[in-house]
Chemist: 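I have a structure here, written as structure tokens, and I will follow up with some questions on it.
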Amino acid sequence: MSKKPSKTVPRAASKASSRKLPTAATKRPAAPSEHDTVGRIARSLEAIAAHLSAASPKSSVADSLGSADAFVWHPNGRLAPVPRVSRVDLGLLKGIEQVRDILIENTGRFADGLPANNALLWGARGMGKSSLVKAAHASINVNRKPAERLKLIEIHREDIESLPALMDLLRASDFHFIVFCDDLSFDGNDASYKSLKAVLEGGIEGRPDNVILYATSNRRHLLARDMIENERSTAINPGEAVEEKVSLSDRFGLWLGFHRCSQDEYLAMVKGYCGHFGIKLDEAELEREALEWSTTRGARSGRVAWQFTQELAGRLGVKLAGQ
């Protein structure tokens, strides 16, 4: 009789504790509501965005602008430095003396912080449009202090829509920049020209004072004729449609035309290259071969003269130093 209570007490305690378990379980923190989950996600995204903004390449890009005189713009926000620009000396550009002097003067004023115009270099292929831009940039930087050197930034035609982002990046810099687009034109239903148009003139921010735009094109008006004709045929007022298209070129203050060279100018280019690189050949033979080369190419231009010079130098075993 005396042992029965001792056996029943643990059993009772066990039952009591088992009855308390559900009560304890109900005291756990309630699962977060959907609203709280969304709030936490939003706060996390804000923290990530703040971190990415702090680590933005803008600061590093701004710091690296002094590392080179030329860069290539990538639409992801990166400016890739170009240690050595592919260019020819300004004195080797023959047959374009008038436009050369105009562009040099305009570029010099801009580099000195004076008013200058955006420039559109248009006309015949191979006559030194892009070569002149690069040569002008190099000539302006001669004897300039590092902090005063003019920067050249190339933007590819297909990246024109990212031009406003590039302007935003350059706006706060102390350097002056030539933003250069080679072989600029627009075809089909391409509407990216509107980004260029807003930067040139018309946008709220517009072009920064420390940026100038130089572009080359085979077209004077940058837009294909069929684009203009399509706009004319579908517009209520055809004249306004054409004006909308042509007005893009009008926003370049300088129109510098490049025309096909004469035979004498072509031969002067060839002789200039040969003299510069020390290629020696009898003058009569040089002229004969140069003219024959241009006939096989069906054109006379600075590009054809340079291609002939490379052919002649390779045949004579002359290295083109600096190229």
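All figures in this text were calculated on a predicted structure; none of them were measured in a lab.
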Chemist: Report yes if the distance between the aromatic ring centroids of Trp122 and Phe258 is under 6.0 Å, otherwise no.
Modeler: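 For Trp122 and Phe258, the ring centres are not under 6.0 Å apart.
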Chemist: Which atom pair, heavy atoms only, marks the closest approach of Cys261 to Tyr266?
Modeler: SG-CB, 3.9 Å
Chemist: With the threshold set at 4.0 Å, does a side-chain nitrogen-carboxylate oxygen contact exist between Arg315 and Glu289?
Modeler: yes
Chemist: Checking Arg125 now: which residues fulfil side-chain hydrogen bond (donor to acceptor under 3.5 Å, both in side chains) with it, not counting sequence neighbours?
Modeler: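 Arg125: no side-chain hydrogen bond (donor to acceptor under 3.5 Å, both in side chains) contacts found.
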Chemist: Does the side chain to side chain contact (heavy atoms under 4.5 Å, CB included) test come out yes or no for Leu213 and Phe180, once each step is laid out?
Modeler: CA-CA 6 Å; Leu213 285 95; Phe180 169 53; over 6 Å; no
Chemist: Hey, are Tyr214 and Asp182 close enough side-chain-wise for a donor-acceptor pair under 3.5 Å?
Modeler: no
Chemist: Between Ala116 and Phe110, which heavy-atom pair has the shortest distance, and what is it?
Modeler: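 Heavy atoms of Ala116 and Phe110 come nearest at CB-CB, 3.7 Å.
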Chemist: If you define the side chain from C-beta out and look only at heavy atoms, does anything of Val318 sit under 4.5 Å from Leu312?
Modeler: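 Contact flag for Val318/Leu312 side chains = no.
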Chemist: Would one find more than 12 heavy atoms of other residues, nucleotides or ligands at under 6.0 Å from atom CD of Glu158?
Modeler: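 More than 12 within 6.0 Å, yes.
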Chemist: If I compare all heavy atoms of Leu169 with all of Gly77, which pair ends up nearest, and what's the gap?
Modeler: CD2-O, 4.5 Å
Chemist: If you take all heavy atoms of Asn218 and Asp183, which pair is closest and at what distance?
Modeler: ND2-OD1, 4.2 Å
Chemist: Judged by atom type as modelled, is there a donor-acceptor pair below 3.5 Å linking the side chain of Ser301 to the main-chain atoms of Val304?
Modeler: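 Indeed, once roles are kept as given, a pair shorter than 3.5 Å links the two residues.
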Chemist: Check the pair Ile153 / Leu170 against side chain to side chain contact (heavy atoms under 4.5 Å, CB included), numbers first and verdict last.
Modeler: CA-CA 10 Å; Ile153 298 180; Leu170 303 180; 3.7 Å; yes
Chemist: Inspect the surroundings of CG in Asp282 and state if more than 12 heavy atoms from other residues, nucleotides or ligands are less than 6.0 Å away.
Modeler: yes
Chemist: Are more than 12 heavy atoms from other residues, nucleotides or ligands located less than 6.0 Å from atom CD of Gln98?
Modeler: no
Chemist: Could you check whether Lys151 makes a cation-pi contact with Phe175, meaning its NZ or CZ is under 6.0 Å from the centre of the six-membered ring and within 45° of the ring axis?
Modeler: yes
Chemist: Please report the closest heavy-atom contact between Leu316 and Lys280, naming both atoms and the distance.
Modeler: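 Residues Leu316 and Lys280, closest heavy atoms: CD1-O, 3.9 Å.
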Chemist: Would a 4.5 Å heavy-atom cut-off, applied to side chains only, mark Leu120 and Thr216 as touching?
Modeler: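 They are not in side-chain contact.
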Chemist: Above 12 or not: heavy atoms from other molecules or residues under 6.0 Å from CZ of Arg149?
Modeler: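 Yes, the 6.0 Å shell around CZ holds more than 12 heavy atoms from other groups.
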Chemist: Please lay out, stage by stage, how Glu292 and Arg297 fare under the test salt bridge (charged side-chain N to carboxylate O under 4.0 Å, His left out).
Modeler: CA-CA 9 Å; Glu292 182 179 348; Arg297 296 302 306 272; over 6 Å; no
Chemist: Mind checking whether Trp306 and Phe277 have parallel, tilted or perpendicular rings, split at 30° and 60°?
Modeler: tilted
Chemist: Surrounding CG of Asp209 (heavy atoms of other residues, nucleotides or ligands, distance under 6.0 Å), is the total greater than 12?
Modeler: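 Atom CG in Asp209 is not packed in, count stays at 12 or less.
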Chemist: Is it the case that the side chain of Arg303 and the backbone of Gln307 share a donor-acceptor pair, with hydrogens and angles ignored and the cut-off at 3.5 Å?
Modeler: no
Chemist: Passes side chain to side chain contact (heavy atoms under 4.5 Å, CB included), Leu103 versus Leu121? Steps please.
Modeler: CA-CA 9 Å; Leu103 190 68; Leu121 291 72; 4.2 Å; yes
Chemist: Salt bridge or not between Arg300 and Glu265? Use side-chain N to carboxylate O under 4.0 Å.
Modeler: no
Chemist: Show the nearest heavy-atom pair for residues Ala135 and Val88, with the distance to one decimal.
Modeler: CB-O, 3.6 Å
Chemist: Taking the side chain as every heavy atom from C-beta outward, state whether Asp159 and His74 have any atom pair closer than 4.5 Å.
Modeler: no
Chemist: Find out whether Met167 and Val179 are in side-chain contact, i.e. whether some heavy atom of one side chain is under 4.5 Å from a heavy atom of the other.
Modeler: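 Met167 vs Val179: side chains touch.
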Chemist: Please assess Gln310 against Leu320 for the test side chain to side chain contact (heavy atoms under 4.5 Å, CB included), listing each intermediate value before the final yes or no.
Modeler: CA-CA 8 Å; Gln310 292 185 99; Leu320 302 180; 3.9 Å; yes
